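Scroll down for the structure; my scribbles are underneath it.
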Protein chains: 2
Amino acid sequence: MAEGGGTGAPGGENLLFLTDEQLRKGIEAMFFAYRGFTSDPDRILEKHGYGRAHHRAIHFINRSPGTTVNNLLTILGVTKQSLNRVLRTLVEDGLVESRVGTRDKRERHLYLTEAGAALESELSTAQRARMRDAYRQAGPEAVAGFRTVLEAMMNPDMRHHFNRLKESGS
Amino acid sequence: MAEGGGTGAPGGENLLFLTDEQLRKGIEAMFFAYRGFTSDPDRILEKHGYGRAHHRAIHFINRSPGTTVNNLLTILGVTKQSLNRVLRTLVEDGLVESRVGTRDKRERHLYLTEAGAALESELSTAQRARMRDAYRQAGPEAVAGFRTVLEAMMNPDMRHHFNRLKESGS
DNA sequence: TTGGAATGTCAACAAAGCTGACATAAAATG
DNA sequence: CATTTTATGTCAGCTTTGTTGACATTCCAA
């Protein structure tokens, strides 16, 4: 029944990792890590005259070829007007093809062109390389924990999108 | 000598967690989780008529009271002109106090006022609550892994700032 | 004391978010 | 079948927040 052994939390668990100070460090870690996470793609995008918004569109079009504007919208969580501006430049530049739907002509189905796939590959390769280095340094168990916490941090509808993407292949 | 056992990687380790597909999922998890991470503060900020940039400034001024504009600049990784605009509104609104340095009059030292501390607390409480829930769901070992991977993902100079912040208290 | 370096501010511009208005196609309703 | 309502996507204009360029002040070193 001793309280000094590190199990003084309600429920009998050790909750030292839940102190405000620990949580604050987690918040800052998230902030700084996200900066690292985006820095390599940002450099590449700048070279091509694009921004992070273009990257996101390209990523998810590659991930779900033939997806509609509306579907992309809910995944990205931006307004259609904002997405539209990005898509327009990508279509104009020949990186994305927008095909009018056959069943429902209101919809546009989006595909990467060869050039679009090339840029996607360049971005993805760089971002995966950083992820791979971090994973390798941290080891498999840390990676599992990383993924668990990230998933718990998502809003439910984001988690829904995330899990749907998980099922499909490349 | 069967290759199907999961130890077919060079070096004799199990590197299944480093497949392109795993890395891609990690990338997407990072994207969706960051959205969740920022969603609560964003709601609060909107209520007060501020943006994410204000939150970042408030957070790090609270974390290092008396910090200079230049120091804040390197931590936030934005241009001084961009930061200046944000700081000006915070000073005008009475959330931040900017004192001319005594030793070096070129410098401005930044402090939260009482009102600034109140907003910081509101933002921080919300963000910590989400972090706490995620940590609690995931458990202490997952949290350790989470932190390890995030730190490995940072750029070296960001990691430097991160570790310097860790040392100081609240 | 004078010239350069560091710090911070002002002005103008670009990227990417937002709301509002609108055109077109599909679906629902009479 | 005609008409209204709903869904999807586009165009215009505004806001936030990033950028570079020009500049004032202060410090330091020659």
Side-chain angles (χ1 to χ4, degrees), chain A residues 31 34-35 38-39 41-61 66-93 96-111, chain B residues 31 34-35 38-39 41-61 66-93 96-111:
Chain A
F31 171 70
Y34 198 79
R35 289 255 302 281
T38 55
S39 59
D42 281 352
R43 240 191 315 281
I44 295 169
L45 289 160
E46 198 189 5
K47 223 176 47 183
H48 294 260
Y50 293 121
R52 227 175 263 180
H54 300 85
H55 184 191
R56 293 196 280 266
I58 287 172
H59 176 97
F60 287 107
I61 292 172
T67 187
T68 62
V69 172
N70 205 28
N71 182 45
L72 207 50
L73 233 54
T74 63
I75 288 178
L76 295 178
V78 298
T79 59
K80 55 184 176 176
Q81 296 89 333
S82 185
L83 176 58
N84 186 264
R85 189 193 310 114
V86 168
L87 284 179
R88 200 186 334 168
T89 69
L90 290 174
V91 169
E92 281 171 4
D93 296 354
V96 167
E97 193 187 350
S98 168
R99 299 185 203 153
V100 174
T102 48
R103 245 199 45 191
D104 187 332
K105 287 180 196 162
R106 292 174 302 182
E107 295 179 341
R108 303 294 134 92
H109 298 274
L110 303 169
Y111 301 87
Chain B
F31 170 70
Y34 198 78
R35 289 254 303 279
T38 55
S39 59
D42 281 352
R43 240 191 315 279
I44 295 169
L45 289 160
E46 198 189 7
K47 222 175 48 183
H48 293 260
Y50 294 121
R52 225 174 265 183
H54 300 86
H55 183 192
R56 293 195 282 264
I58 287 172
H59 176 97
F60 287 107
I61 292 172
T67 187
T68 62
V69 172
N70 204 28
N71 182 43
L72 206 50
L73 234 54
T74 63
I75 288 178
L76 295 178
V78 298
T79 59
K80 55 183 175 178
Q81 295 88 334
S82 185
L83 176 58
N84 186 265
R85 189 191 311 114
V86 168
L87 284 178
R88 199 184 337 165
T89 70
L90 290 174
V91 169
E92 282 171 3
D93 296 353
V96 167
E97 193 188 349
S98 167
R99 299 185 203 153
V100 174
T102 47
R103 247 198 45 192
D104 188 334
K105 289 180 196 164
R106 293 173 301 182
E107 295 179 341
R108 303 295 134 92
H109 298 274
L110 304 169
Y111 302 85

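Chain A is the first sequence line, chain B the second, and so forth, proteins listed ahead of strands; every chain is numbered from 1. What you see is a predicted model, and the numbers here were worked out from it, not measured in a lab.
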**OP:** Could you state the atom-to-atom distance from NE2 of A:His109 to C1' of D:dG9 in whole Å?
**Re:**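 Whole-Å distance recorded here is 13 Å.
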**OP:** Specify the separation, in whole Å, of atom CG of A:Leu45 and atom C1' of D:dT19.
**Re:**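 In whole Å, D:dT19 C1' and A:Leu45 CG are 16 Å from each other.
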Rounded to the nearest 0.5 Å, what separates atom [atom1] in [X] from atom [atom2] in [Y]?
X        : Y        : atom1 : atom2 : answer
B:Ile75  : A:Phe31  : CD1   : CZ    : 9.0 Å
A:Arg106 : A:Thr68  : CZ    : OG1   : 11.0 Å
A:His109 : A:Asp104 : NE2   : CG    : 7.5 Å
B:Glu107 : B:Thr67  : CD    : OG1   : 9.5 Å

**OP:** Do nucleotides 10-18 of chain D as a string where each nucleotide becomes B, S or -: B if the base has a protein heavy atom under 4.0 Å, S if just the sugar-phosphate does, - if no protein is that close.
**Re:** BBB----BB
Original post:
Considering only heavy atoms, which members of residues 100-107 of chain A lie under 4.0 Å from some atom of DNA chain D?
Top reply: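 Those residues are A:Arg106, A:Glu107.
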**OP:** May I have the step-by-step check of side chain to side chain contact (heavy atoms under 4.5 Å, CB included) for A:Glu97 and A:Val91, ending in yes or no?
**Re:** CA-CA 6 Å; A:Glu97 193 187 350; A:Val91 169; over 6 Å; no
**OP:** Pull out every stem in DNA chain C, meaning runs of 3 or more consecutive Watson-Crick or G-U wobble pairs with both distances under 3.5 Å.
**Re:**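 The stems are C:1-30 with D:1-30.
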Original post:
For DNA chain C, which nucleotides open and close the run of contacts to chain A, 5' to 3', at under 4.0 angstrom from a non-hydrogen atom?
Top reply: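 Contact boundaries, 5' end first: C:dA16 to C:dA26.
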Return all side-chain donor-acceptor pairs below 3.5 angstrom for residues 43-59 of chain B, not counting sequence neighbours, or 'none' if the list is empty.
residue : atom : partner  : partner atom : Å
B:Arg43 : NH2  : B:Asp40  : OD1          : 2.7
B:Lys47 : NZ   : B:Glu122 : OE2          : 2.8
B:His48 : NE2  : B:Glu122 : OE1          : 3.2
B:Tyr50 : OH   : B:Asp93  : OD2          : 2.4
B:Arg52 : NE   : B:Asp42  : OD1          : 3.3
B:Arg52 : NE   : B:Asp42  : OD2          : 3.4
B:Arg52 : NH2  : B:Thr38  : OG1          : 3.3
B:Arg52 : NH2  : B:Asp42  : OD2          : 2.7
B:His54 : ND1  : B:Gly51  : N            : 3.0
B:His54 : NE2  : B:Thr89  : OG1          : 3.2
B:His59 : NE2  : A:Glu28  : OE2          : 2.7

**OP:** Report yes or no: does B:Arg35 contribute a side-chain atom to a donor-acceptor pair with the main-chain N or O of A:Leu76 at less than 3.5 Å?
**Re:**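 Checked: pair present.
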**OP:** Decide yes or no on side chain to side chain contact (heavy atoms under 4.5 Å, CB included) for A:Ile61 and A:Leu72, but give the supporting numbers first.
**Re:** CA-CA 8 Å; A:Ile61 292 172; A:Leu72 207 50; 3.9 Å; yes
**OP:** Quick one: list whatever passes salt bridge (Lys or Arg N to Asp or Glu O under 4.0 Å) with A:Arg88, sequence neighbours left out.
**Re:**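 Listed in chain order: nothing, the list is empty.
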